[in-house]
Amino acid sequence: MNFRPLRTPEEPEINFIPLIDLLLVILIFLMVTMTFSRYTQLKVDLPSASSTAVAEQARDIVVAVTADGQYRLADRPDEPLSQPALAAALRDEAATRKERMVVIYADAGATHQAVIGVLDAARRAGLERVTFAAQGEPAPR
């Protein structure tokens, strides 16, 4: 008689600890040698100033926004306007001109709300073409 207990063969066992150690070393190596590229920058086409824009400017409706938020038309620079008066003046200007584009010259110190007020007045006057003027770089001497 055989009194020995039945031995089942042991299941092979995979030890994951050395594998995890190796993966951590590879991960650290990849993080140290990795280079980062900056893709968060936006490509924007900015307006540029030219001498032909001055000739076309005479047909446009020019609105200036001062640093303290006052609105002035280029035809009447001495008369500050409120937003409802600006909408009425823009409506009158649009009725007399064929070319109905509004050019906004906003001071750098003007608030965003003041510029939005010009956009809102132009919308109420029925003017759909609105652009912003930008200051060009000074010419090299």
Counting C-beta onward and ignoring hydrogens, is there a side-chain heavy-atom pair between V115 and F132 closer than 4.5 Å? yes
Do V103 and D60 have side chains that get closer than 4.5 Å, going by heavy atoms? yes
Roughly how far apart are E128 CD and R123 CZ, rounded to 0.5 Å? 11.5 Å
Are the side chains of Y71 and V118 in contact, using a 4.5 Å heavy-atom criterion? yes
Where do A125 and A87 come nearest, in terms of heavy atoms and distance? CB-O, 3.7 Å
Could you pull out the closest heavy-atom pair between Q83 and A121, with the gap in Å? O-CB, 4.1 Å
Shortest non-hydrogen contact from G69 toward A114: CA-CB, 4.1 Å
Would L22 end up clustered with L30 when hydrophobic side chains under 4.5 Å apart are linked, directly or stepwise? yes
When rounded to the nearest 0.5 angstrom, what distance separates CD1 in I61 from CD1 in I104? 11.5 Å
Correct closest heavy-atom pair for P18 and N15 would be CD-O, 3.5 Å
When rounded to the nearest 0.5 Å, the distance separating CG of L119 from NE2 of H112 is 11.5 Å
Tell me, do V63 and V102 make a side-chain contact under 4.5 Å, heavy atoms counted? yes
Nearest 0.5 Å, what's the CZ-CG distance between F16 and D21? 13.5 Å
Tell me if the CD1 atom of I17 is crowded by more than 12 foreign heavy atoms within 6.0 Å. no
Rounded to the nearest 0.5 Å, how far apart are CG of D120 and CG of L86? 10.0 Å
Which distance, rounded to the nearest 0.5 Å, do you find between the CG of L81 and the CG of L90? 8.5 Å
